[in-house]
2 protein chains.
Amino acid sequence: MKPNARAKLLDAAFGTIRERGYAATSVDELCARAGVTKGAFFHHFKSKDALAAAAADHWSQTTASLFASAPYHDHADPLARILAYIDFRKDLVRGEIAEFTCLVGTMVQEAYETAPDIRGACWRSISGHAQTLEEDIQAAIEKYHVNGVTAESLALYTQATIQGAFILAKAKNDAGVAIDMIDHLKRYVELLFTCKGREGRRP
Amino acid sequence: MKPNARAKLLDAAFGTIRERGYAATSVDELCARAGVTKGAFFHHFKSKDALAAAAADHWSQTTASLFASAPYHDHADPLARILAYIDFRKDLVRGEIAEFTCLVGTMVQEAYETAPDIRGACWRSISGHAQTLEEDIQAAIEKYHVNGVTAESLALYTQATIQGAFILAKAKNDAGVAIDMIDHLKRYVELLFTCKGREGRRP
DNA sequence: TTATAAATACCGACCGGTTGGTATGTTGTC
DNA sequence: GACAACATACCAACCGGTCGGTATTTATAA
């Protein structure tokens, strides 16, 4: 049905770009890893940048289905769902660094100035994923009477923290530091919703 | 005293790498921006990777002197110093994105797998800067009787959050979102030190 | 059902420009 | 005259991208 080479190239891009970055990834290397020829590459993508933008979009779809089927939605309390989401993100941090870090977070640092299409695709990926958290956050804000924070801003903050955790893991060459950072994020959410003289933990 | 071309190349590296990333920055472009020739480049640096590692070390020194002379140290209370540090980081977020984002945070994403020397220099830069916060954090932890958090871990968390804020700013092409993220960091620190039935706000 | 036209998927040699790096000067200073 | 600090010319490898061609699938109509 769908062309095979295209899917293999997008899959190869996930791996190679997360390992070496976008600019350092050559079209030839991508083709070799995907087991296709250069002709196939430029048949499916009009340029290397177009492949990158397509990879970012494909990343959005891949992560969307991963998180949609994840178990953290199965809590009655919205705050419990948020905390379970954070735990789930922590559980994903295992194996090689290139296997759990974020494709679009890596790419956007190289492309934000020079490639607007890639930048836009990366932002759609990050903000689109953040939006899937907004409903739960909004419900928790109302249930626990938190003020001074918007659901959109807090949702983005979870993503910022996780992206930063990945940078530290890469710099230290140690996944453990990323887990520590996500623990801080969880503590922040707990404090935010259960402290500071707010009305009730269970309304 | 110190050779001129070397300093000009390191300065050019700060700008170019933060704009386009490391791999996309060519030696020729660096030389053109610095106003020196290729011969001068390879006289001072044995390879492009060596320049990158030297730039990361120079970044450490530059930021160290910037923060050493910053006014946030002038508070009697250690928590006030930490919060003033966060405010100072927020104040630095202005102008073009490439002017306030972090060189080593950008570079390490491209180099962590393939260039151990660059990765090490980037980690020294990040963790070294975090260490300058540890003394204040440790004092605040003791003064406000906070437990469950180490000074080292919280210091690194401030850096992770700020790095993540930069990624979001690049993706959205908007510095404002970075400021929002740093506001969350400040709120976390405030909650951490003043909530949850801890003994006293002022001992 | 089958002949055929048209579109799609893919191949791999090739191209001009760019890349990081080198080899060999030249110049100024102690 | 020794040595560091540059400058100039050059190179082989690699880069993204093109192009003429072929294999395979799909659409159409007799």
Side-chain angles (χ1 to χ4, degrees), chain A residues 1-17 19-56 58 103 106-107 110-119 121, chain B residues 1-17 19-56 58 103 106-107 110-119 121:
Chain A
M1 193 70 88
K2 278 289 182 67
N4 202 4
R6 184 186 161 93
K8 283 194 285 186
L9 281 166
L10 289 172
D11 196 58
F14 282 9
T16 313
I17 294 173
E19 281 171 20
R20 309 197 212 298
Y22 172 61
T25 297
S26 75
V27 173
D28 281 329
E29 188 182 353
L30 236 27
C31 293
R33 197 188 278 227
V36 306
T37 62
K38 219 167 183 176
F41 184 102
F42 286 100
H43 172 72
H44 290 289
F45 307 102
K46 75 171 205 290
S47 68
K48 190 193 172 189
D49 276 14
L51 173 275
H58 187 48
L103 175 82
T106 300
M107 272 203 304
E110 301 180 61
Y112 78 100
E113 263 274 341
T114 50
D117 289 350
I118 300 175
R119 202 217 85 236
Chain B
M1 194 73 83
K2 278 287 184 68
N4 201 4
R6 184 188 160 92
K8 283 194 285 186
L9 281 165
L10 289 172
D11 195 59
F14 281 10
T16 313
I17 294 173
E19 280 170 21
R20 309 197 213 297
Y22 172 61
T25 296
S26 75
V27 173
D28 282 329
E29 188 182 352
L30 238 25
C31 293
R33 197 188 278 225
V36 305
T37 62
K38 221 167 180 176
F41 184 102
F42 285 100
H43 173 72
H44 290 288
F45 306 101
K46 74 171 206 289
S47 69
K48 188 192 173 191
D49 276 14
L51 173 275
H58 186 50
L103 175 83
T106 300
M107 271 204 305
E110 301 180 61
Y112 79 101
E113 265 273 341
T114 51
D117 289 351
I118 300 176
R119 202 216 83 236

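In what follows, every chain begins at residue 1, and chains take the letters A, B, ... in the order their sequences are listed. This is a predicted model, so every value here is computed, not measured.
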Qualifying residues under side-chain contact (heavy atoms from CB on, under 4.5 Å), relative to A:A13, sequence neighbours excluded: A:I17, A:L30, A:L51, A:A55

Spacing of A:L51 atom CG relative to D:dG17 atom P, expressed in whole Å: 10 Å

Let me check something: any side-chain donor-acceptor pairs from residues 32-41 of chain B under 3.5 Å, sequence neighbours excluded? List them with distances.
unit_1	atom_1	unit_2	atom_2	d
B:R33	NE	B:T16	OG1	2.9
B:R33	NH2	B:E19	OE1	3.1
B:K38	NZ	B:D28	OD1	3.3

Distance, rounded to the nearest Å, where B:F45 contributes CZ and D:dC6 contributes P: 11 Å

Value in whole Å for how far the P atom of C:dT8 lies from NE2 of A:H43: 8 Å

All ring-ring contact (aromatic ring centres under 6.0 Å, His included) counterparts of B:H58, not counting sequence neighbours: B:F14

All pairs passing salt bridge (charged side-chain N to carboxylate O under 4.0 Å, His left out) where residues 44-56 of chain A contributes a residue, at least two apart: none

Base-contact (B) and sugar-phosphate-only (S) positions in nucleotides 11-22 of chain C, heavy-atom cut-off under 4.0 Å, - elsewhere: BB------SBBB

Partner set under side-chain contact (heavy atoms from CB on, under 4.5 Å) for B:A52, not counting sequence neighbours: B:Y22, B:M107, B:I118

